2 protein chains.
Amino acid sequence: MDTNPARERILDAAEHLFYARGIQAVGMDVIRNASGVTLRRLYQLFPSKGDLVKAYLARRDARWLQSLARHVDMATENPRGRLLAVFDWLEDWFTQPDFHGCAFINSFGELGGTSPEVAAAARHHKDTFHAYLQELATAAGASAATGTQIALLAEGAMSTAAISGTPASASHAKLAAQLLLTPGNRNDAFPS
Amino acid sequence: MDTNPARERILDAAEHLFYARGIQAVGMDVIRNASGVTLRRLYQLFPSKGDLVKAYLARRDARWLQSLARHVDMATENPRGRLLAVFDWLEDWFTQPDFHGCAFINSFGELGGTSPEVAAAARHHKDTFHAYLQELATAAGASAATGTQIALLAEGAMSTAAISGTPASASHAKLAAQLLLTPGNRNDAFPS
DNA sequence: ATACTATGAGAACGCTCGTTCTCACGCAAG
DNA sequence: CTTGCGTGAGAACGAGCGTTCTCATAGTAT
């Protein structure tokens, strides 16, 4: 199905290395060594490093959101609980030993100023995540603006967990999200 | 006072270029051209690029927090208003034409995986910012945990403003902060 | 068997970048 | 005047990296 096994091995190695060390710090031959493929095949499948970076970000975007949605779907059917389950998933993520922040925030920080494609990939990823949280928020009876606020908490938790090196920001953000979701907080001012 | 004018010109050029394009994308000779100083002087004042990066981050850390504190001090004497003024300052920042996200989040994303010094600089900056918000929060009668939550909102607003390219996240975060500050939100669970 | 094609392994090329070196020049001390 | 020393400008060096090329080999069709 994922037809080409060499392609997958390359993307696995690229994702692991790019995410851990940054994109510019990882050379093509390092990826070749890690994936066990020959340089010729590597360039047949990804004609330039930019193509490989694009494929890395695209696959990570899809998988990340799939993993989150799967967790939310398996957590509970209570709409409010589904929204809060996002933060449990974040805490799981932050606790993984190879956690190193959001790959899109990182690559935007590294290349957003010089590569419009990387900047667009980050924007797309965050837009999708933002829309997903708004969907969960409105399903829970809250406003879309509350979804936006909760997205800000999630983003802040990612940055903070990465830089501080601890997963504590996930539970802090979850508690704040709970407060923002309490009925009685009139919060219809910002429709987007 | 800032004794060495060449040193300041170098740091001005480095800050502008590093912040706009990323650290690895800017070579030492580009900084030399932009600052008008000779390569020899550049290396006399900063023996390696790593030293220049360290000085860039240290100066930006100090100036950024000074600018924020100055704005807060001039905004109002109402403790709650002082905390909320942080988000007005953020919105001003996000609106500046050269805004490109938080320099520390960016440099952490670029070099945090390979340079412990850059990672430590980012951690220090965020710790200081976090402590300042906690101070404003407790002065406003809120808990330190509320300060932490508001810090997460501010962090999320920075990332989101950078990647989306709009300053709207500042007002969204401000509104959320106001809600988190409303009395009646019992919020003593997380002492830090 | 032979000629052609595709592949593996890695050398090679061209470029960039951090860092250092060369060399001519100006200026102060004797 | 001249001797030496610090300085300016830029060339040079060495390493790393993205990308391409070489060449020997293995498999295949005729």
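Below, chain A is the first sequence line, B the second, and so on; all start at residue 1. Bear in mind the structure is a predicted one, so any value in this text is a computation, not a measurement.
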Gap between atoms CG and P, on B:D29 and D:dC13 respectively (whole Å): 18 Å
Do side-chain atoms of A:S115 reach the backbone of A:L111 as a donor and acceptor pair under 3.5 angstrom? no
A:E117: what forms a salt bridge (charged side-chain N to carboxylate O under 4.0 Å, His left out) with it, not counting sequence neighbours? A:K54
What's A:V26 touching, base or sugar-phosphate or nothing? Going by heavy atoms closer than 4.0 Å. sugar-phosphate
Rounded interatomic separation in angstrom, taking CE from B:M28 and P from D:dG10: 18 Å
Set of side chain to side chain contact (heavy atoms under 4.5 Å, CB included) partners for B:D127, sequence neighbours left out: B:R123
Specify the residues of residues 36-51 of chain A, ordered by number, for which at least one heavy atom lies under 4.0 angstrom from an atom of DNA chain D. A:L39, A:R40, A:Y43, A:S48, A:K49
A:H124 meets the side chain to side chain contact (heavy atoms under 4.5 Å, CB included) criterion, sequence neighbours left out, with A:D61, A:T128
I need the CG-C1' distance between B:L52 and C:dC17, as an integer number of Å. 14 Å
note: B:L17, atom CG; C:dG18, atom C1'; distance rounded to Å ~ 16 Å
Listed partners of A:D29 passing side chain to side chain contact (heavy atoms under 4.5 Å, CB included), at least two apart: none
Which residues satisfy the side-chain hydrogen bond (donor to acceptor under 3.5 Å, both in side chains) test with A:W93, sequence neighbours excluded? none
Using whole Å, report how far CZ of B:R32 lies from P of D:dA9. 9 Å
Nucleotide D:dG16, atom C1' - distance to CZ of A:R21 in whole Å: 14 Å
